[in-house]
Amino acid sequence: MKCLVTGANGFVGAHLVRYLLDVGHEVRAVGSSEPTGTIADERLESVRVARSALDPAIWQAVCRDVEVVFHLAGRAHRGNDSSSSARSIYFRDNLEMTRTLAEAALKERVRRFVFASSVTVYGTASTPGEAFREDSLAAPYSNDAYAQSKLAAEEFLLSADIRAALEPVIVRLPLVYGTGVKGNMAALVRLACSGMPLPLSGIDNRRSFVNIPNCVDYLLTAAYHPAANGQILLVSDREDVSTPGLIRAIARESGKTARLFSVPQRFLKTACTLLGQEASFEKLVGNFQVDPAVSCALLGWLPKISFVEGIARMCAKYREA
């Protein structure tokens, strides 16, 4: 089938483009900069579109002759910025762009629209021992414009008018890791491999992740499986891990030794607060679990790569660098 991938120069987008080509599909890759690097394949078409473009004519041309849209482009989460200017930017890039693209897809008779959303629509943490599920109430905090904009885009795509003529699929992604990852996970890899003593061994939390091979395979399954139409779906490696467990796995697969020790969490919280890293404290010690069992059963999908193998593949590339 012929696929459109927006955000093709991003971490997930670049991996998805390669995966779609590997399994035999045609790809139109869209990015604000060169979206396909050095990939040479006659089934690949690269299109540059300016960031935040909302011209319907541009997106209608991009959607022409496409069967499935994978919409990965958008404004990434950069903390809970409650300013009106930040809210405007998030809603422009995550809601208005989605609306414009979906309406263009309708006009060009695209069959299915797979939207990469985020588990942050549930909030910032899950209750210990209780994972979020597909039908859990979305509860973005009032100051989290990113989560609000993602949820608003979901609601638009699942509205009756859109569902009548387009097959929308919402995939709420947890943190995605793997070869080439940046941001918080890349920083954690550097920290775990630094040999620096870390006061984290007393943390007993659980967080859900998905490695990039599992992520792109799941997105493709969501694109063709009949039961995915109109659904909100969850995905993970289905091997939730604690912060100390994650650090130890990264260090081990990098040929390093994790040097962890324990301090009372109140001391760790105070240190993070003094450094202006309150959000980092919550991510270090808090729980954020999703249970994708219903989604996986609906699609007949199982993770292709284990958590350990996903970490090993990611770390192998860091060792080569």
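The figures that follow rest on heavy atoms only: side chains count, while hydrogens, waters and symmetry mates do not. Note that the coordinates shown come from a computational prediction; the quantities given were computed from them, not determined experimentally. Here, residue 1 is the first one in the sequence, and each next residue gets the next number.
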(request) State plainly whether the residues Glu309 and Arg313 are in salt-bridge range, i.e. N to O under 4.0 Å. (result) yes
(request) Under the side-chain contact (heavy atoms from CB on, under 4.5 Å) rule, collect the residues that match up with Val308, sequence neighbours excluded. (result) Glu253, Ser306
(message) Given 3.5 Å as the limit, does a donor-acceptor pair link the side chain of Ser208 with the main chain of Val290, or not?
(response) yes
(message) Can you list everything that forms a side-chain contact (heavy atoms from CB on, under 4.5 Å) with Asp204? Sequence neighbours excluded, please.
(response) Arg206
(message) Is there a side-chain contact between Ile311 and Leu246 in this structure, where contact means two heavy atoms from C-beta onward sitting under 4.5 Å apart?
(response) yes
(request) State, yes or no, whether a side-chain contact exists between Thr6 and Val62 at a heavy-atom distance under 4.5 Å. (result) no
(request) Just jot down the ring-ring contact (aromatic ring centres under 6.0 Å, His included) partners of Phe209, sequence neighbours excluded, or say none. (result) none
(message) For the CG atom of Asp240 and the CZ atom of Arg207, what is their distance to the nearest 0.5 Å?
(response) 10.5 Å
(message) Strictly by ring pair (Phe, Tyr, Trp, His ring centres under 6.0 Å), give each pair with a member in residues 282-303 just once, sequence neighbours left out.
(response) Phe132-Phe288, Tyr218-Trp301
(message) By the ring pair (Phe, Tyr, Trp, His ring centres under 6.0 Å) test, which pairs, at least two apart or in different chains, include something from residues 6-31?
(response) Phe11-His15
(message) Less than 4.5 Å apart, side chain to side chain, heavy atoms only: is that true for Met1 and Leu220?
(response) yes
(message) Once salt bridge (charged side-chain N to carboxylate O under 4.0 Å, His left out) is applied, what residue pairs with a partner in residues 21-31 remain, sequence neighbours excluded?
(response) Arg28-Glu45
(request) Check salt bridge (charged side-chain N to carboxylate O under 4.0 Å, His left out) between Lys304 and all other residues, then give those that pass, not counting sequence neighbours. (result) Asp217
Could you list the donor-acceptor pairs under 3.5 angstrom formed between side-chain atoms of residues 256-275 and any protein atom two or more places apart in sequence or on another chain?
from: Arg259; atom 1: NH1; to: Gly195; atom 2: O; distance (Å): 3.0
from: Thr270; atom 1: OG1; to: Arg266; atom 2: O; distance (Å): 2.9
from: Thr273; atom 1: OG1; to: Lys269; atom 2: O; distance (Å): 2.8

(request) Could you tell me whether a side-chain N or O of Ser295 sits under 3.5 Å from a main-chain N or O of Leu234, the two making a donor and an acceptor? (result) yes
(message) Which residues pass the ring-ring contact (aromatic ring centres under 6.0 Å, His included) test with Phe115, not counting sequence neighbours?
(response) His71
(request) Measure the spacing between CD1 of Ile89 and CD of Glu96 and express it to the nearest 0.5 Å. (result) 14.0 Å
(message) On a heavy-atom basis, which atom in Thr120 and which in Ala147 lie closest, and how many Å separate them?
(response) O-CB, 3.5 Å
(message) Would you say Val23 ends up clustered with Val5 if hydrophobic residues are merged whenever their side chains have heavy atoms under 4.5 Å apart, either directly or through other cluster members?
(response) yes
(request) Enter the distance from Glu103:CD to Ile162:CD1 here, rounded to the nearest 0.5 Å. (result) 6.0 Å
(request) Please step through side-chain contact (heavy atoms from CB on, under 4.5 Å) for the pair Val181 and Met314, ending with a clear verdict. (result) CA-CA 8 Å; Val181 70; Met314 177 177 69; 3.8 Å; yes
(message) For a 4.5 angstrom cut-off between non-hydrogen side-chain atoms, does Val110 reach Leu166?
(response) yes
(message) Going by the rule salt bridge (charged side-chain N to carboxylate O under 4.0 Å, His left out), which residues pair with Asp65 if we only count those two or more places apart in sequence or in a different chain?
(response) none
(request) Work out which heavy atom in Thr100 is nearest to a heavy atom in Leu54; give both atom names and the distance. (result) CG2-O, 3.6 Å
(message) Working note: Phe113 + Leu106, criterion side-chain contact (heavy atoms from CB on, under 4.5 Å); need CA distance, chi angles, decisive distance, verdict.
(response) CA-CA 10 Å; Phe113 192 105; Leu106 283 171; over 6 Å; no
(request) Looking only at non-hydrogen atoms, find the nearest pair between Leu233 and Glu134 and report the distance. (result) CA-CG, 4.5 Å
(message) Which heavy atom of Ala192 sits nearest to which heavy atom of Ile250, and what is that distance?
(response) CB-CG2, 3.7 Å
(request) State the CZ-CE distance between Arg190 and Met196, to the nearest 0.5 angstrom. (result) 12.0 Å
(request) Output all residues satisfying salt bridge (charged side-chain N to carboxylate O under 4.0 Å, His left out) with Arg43, sequence neighbours left out; order by chain, then residue number. (result) Asp41
(message) Quick check: do Leu16 and Val27 have side-chain heavy atoms less than 4.5 Å from each other?
(response) no
(request) To the nearest 0.5 Å, tell me how far Ile305 CD1 sits from Asp237 CG. (result) 9.5 Å
(message) Using every non-hydrogen atom in the two residues, find where Tyr122 and Leu137 come nearest and quote the distance to one decimal.
(response) CD2-O, 3.8 Å
(message) Using only atom types and a distance under 3.5 Å, with no angle test, would you say the side chain of Glu239 pairs donor to acceptor with the backbone of Phe307?
(response) yes
(message) Please check: side-chain N/O of Asn205 versus main-chain N/O of Leu284, any donor-acceptor pairing under 3.5 Å?
(response) yes
(request) Keeping the roles fixed (side chain from Trp59, backbone from Ala53), state whether a donor-acceptor pair exists under 3.5 Å. (result) yes
(request) Evaluate the side-chain proximity of Val189 to Tyr177: yes if any heavy-atom separation is below 4.5 Å, no if none is. (result) no
(request) Evaluate the side-chain contact (heavy atoms from CB on, under 4.5 Å) criterion for residues Ile232 and Leu158: first the C-alpha distance (whole Å), next the side-chain angles of each, then the deciding distance (0.1 Å), finally the verdict. (result) CA-CA 9 Å; Ile232 293 174; Leu158 295 177; 3.8 Å; yes
(message) Test your reading of the model: is there a side-chain donor-acceptor pair from Asn94 to the backbone of Lys150, 3.5 Å cut-off?
(response) no
(request) Would you give the length of the straight line joining atom SG of Cys3 to atom OH of Tyr224, rounded to the nearest 0.5 angstrom? (result) 12.0 Å
(request) Return each pair, listed once, that meets salt bridge (charged side-chain N to carboxylate O under 4.0 Å, His left out) where at least one residue sits in residues 164-173; pairs must be two or more places apart or across chains. (result) Arg111-Glu167, Arg112-Glu167, Glu154-Arg172
(request) Please name the pair of heavy atoms, one in Leu173 and one in Val235, separated by the smallest distance, quoted to 0.1 Å. (result) CD2-CG1, 3.7 Å
(request) Decide yes or no on side-chain contact (heavy atoms from CB on, under 4.5 Å) for Val294 and Arg133, but give the supporting numbers first. (result) CA-CA 8 Å; Val294 172; Arg133 295 178 174 83; 5.8 Å; no
(message) I want to check something: taking the side chain as every heavy atom from C-beta on, are Ile212 and Thr179 in contact at a cut-off of under 4.5 Å?
(response) no
